[in-house]
Engineer: 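Sharing a structure with you now.
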Amino acid sequence: MITQRAIGIRPGTSYLVKAGAEPPENARGDEIMKNIRRIAIAVAVAGGAAAAFAGTAAATTASTDSSALPCTANQFSTKLVYGGAGAGQRQAALQFTANEGERCVLSGRADVNLVGAHDVLVNNEAPADAPPVLIANGSSAYAPLHWTAIGGEDEQQTPNAVTMTAPADSNPHGDPIDPNVTVDWTFGAVDASADSHTVDVGALTAGEAPAA
């Protein structure tokens, strides 16, 4: 007796063929197309996963780069950026921009001080373990500044400059480099009363400082 079996080709349709015989041509074609589609989907999924992994790896490498050395003062330029005012509040930032061809790391807690205005204190609000920031080839980072200027003239003082100390005081060859950076203060008077007499400094942030 010749054994027969049913091969499902598409919903609602079946064919009876002899055991060991090839299925009809249209059934074989459908099955081949299904296999092609399965392979194409598998390749696409694998490719997407590989791309996602590569992107994550690149981002991780950039954020955990340990080959960059602490910055010396001659590797970046520094400027004050005015951020605006309102209700007696003043906002600004001390911005650091890497020179072309330079690549180095700045401390997340910038060592900022004032020159002059002896009654005005610097309040560094950045935590001691604030993450360092890499700058390279023209990229920037900034430390936000905040203070008030609502007191009378006899309760205010005007700083001469703001200073910052670079993380390193010598280059990889051991040559000494002055770590002190000084920028003229151009934002007017700061409250210097017993109740309000600080310039608050925030943690270093990657990117250009927001300007008013």
Engineer: Which side-chain N or O atoms in residues 160-168 pair as donor and acceptor under 3.5 Å with protein atoms at least two apart or in another chain?
Structural biologist:
| unit_1 | atom_1 | unit_2 | atom_2 | d |
| --- | --- | --- | --- | --- |
| T163 | OG1 | N113 | O | 3.4 |
| T165 | OG1 | D111 | OD2 | 3.4 |

Engineer: Taking the side chain as C-beta and beyond, is there a heavy-atom pair between V201 and L145 under 4.5 Å?
Structural biologist: yes
Engineer: Can you list every ring-ring contact (aromatic ring centres under 6.0 Å, His included) pair that touches residues 104-144, not counting sequence neighbours?
Structural biologist: none
Engineer: Return the minimal non-hydrogen interatomic distance between N74 and T72, and the atom names on each side.
Structural biologist: OD1-OG1, 2.6 Å
Engineer: Find the distance between CG (D169) and CD1 (I177) and round it off to the nearest 0.5 Å.
Structural biologist: 8.5 Å
Engineer: Which heavy atom of A126 sits nearest a heavy atom of A203, and at what distance?
Structural biologist: CB-CA, 3.5 Å
Engineer: Go through the structure and list residues passing ring pair (Phe, Tyr, Trp, His ring centres under 6.0 Å) with F96, not counting sequence neighbours.
Structural biologist: F76
Engineer: Is the backbone N or O of S170 less than 3.5 Å from a side-chain atom of D175, with the two atoms forming a donor-acceptor pair by type?
Structural biologist: no
Engineer: Hey, does the side chain of Q157 reach the backbone of D119 with a donor-acceptor pair shorter than 3.5 angstrom?
Structural biologist: yes
Engineer: Can you tell me how far apart CG (D200) and CZ (R90) are? Round to the nearest 0.5 Å.
Structural biologist: 14.0 Å
Engineer: Just wondering, more than 12 heavy atoms not from E125 lying within 6.0 Å of its CD?
Structural biologist: yes
Engineer: What distance do H146 atom NE2 and Q91 atom CD have between them, rounded to the nearest 0.5 Å?
Structural biologist: 5.0 Å
Engineer: Quick check: is V81 connected to L106 through a chain of hydrophobic side chains (ILVMFWY, heavy atoms under 4.5 Å apart)?
Structural biologist: no
Engineer: Does the side chain of L114 reach to within under 4.5 Å of the side chain of V199, using non-hydrogen atoms?
Structural biologist: yes
Engineer: Check whether N137 reaches the backbone of G101 with its side chain - one donor and one acceptor, N or O, closer than 3.5 Å.
Structural biologist: yes
Engineer: Testing the 3.5 Å rule here: is there a donor-acceptor pair between the side chains of N99 and Q75?
Structural biologist: no
Engineer: If you group Ile, Leu, Val, Met, Phe, Trp and Tyr whenever their side-chain heavy atoms sit less than 4.5 Å apart, what else falls in with L69?
Structural biologist: none
Engineer: How close do L204 and A143 get, heavy atom to heavy atom, and via which atoms?
Structural biologist: CD1-N, 3.8 Å
Engineer: Taking atom OG of S77 and atom CD1 of I135, what is their separation to the nearest 0.5 Å?
Structural biologist: 8.5 Å
Engineer: Quick check: closest heavy atoms across L134 and C104, and the distance to 0.1 Å?
Structural biologist: CD1-O, 3.3 Å
Engineer: With a cut-off of 3.5 Å and sequence neighbours excluded, list every side-chain donor-acceptor pair involving residues 186-196.
Structural biologist:
| unit_1 | atom_1 | unit_2 | atom_2 | d |
| --- | --- | --- | --- | --- |
| D191 | OD1 | I150 | N | 3.0 |
| D191 | OD1 | G151 | N | 2.9 |
| D191 | OD1 | Q156 | NE2 | 3.4 |
| D191 | OD2 | T148 | OG1 | 2.7 |
| D191 | OD2 | I150 | N | 3.1 |
| S193 | OG | D195 | N | 3.4 |
| S193 | OG | S196 | N | 3.2 |
| S193 | OG | S196 | O | 3.4 |
| S196 | OG | T148 | OG1 | 2.7 |

Engineer: Test: ring-ring contact (aromatic ring centres under 6.0 Å, His included). Region: residues 191-212. Which pairs qualify, not counting sequence neighbours?
Structural biologist: none
Engineer: Does the side chain of L94 come within less than 4.5 Å of L80's, by heavy atoms?
Structural biologist: yes
Engineer: Shortest non-hydrogen contact from S140 to Q95?
Structural biologist: OG-NE2, 3.7 Å
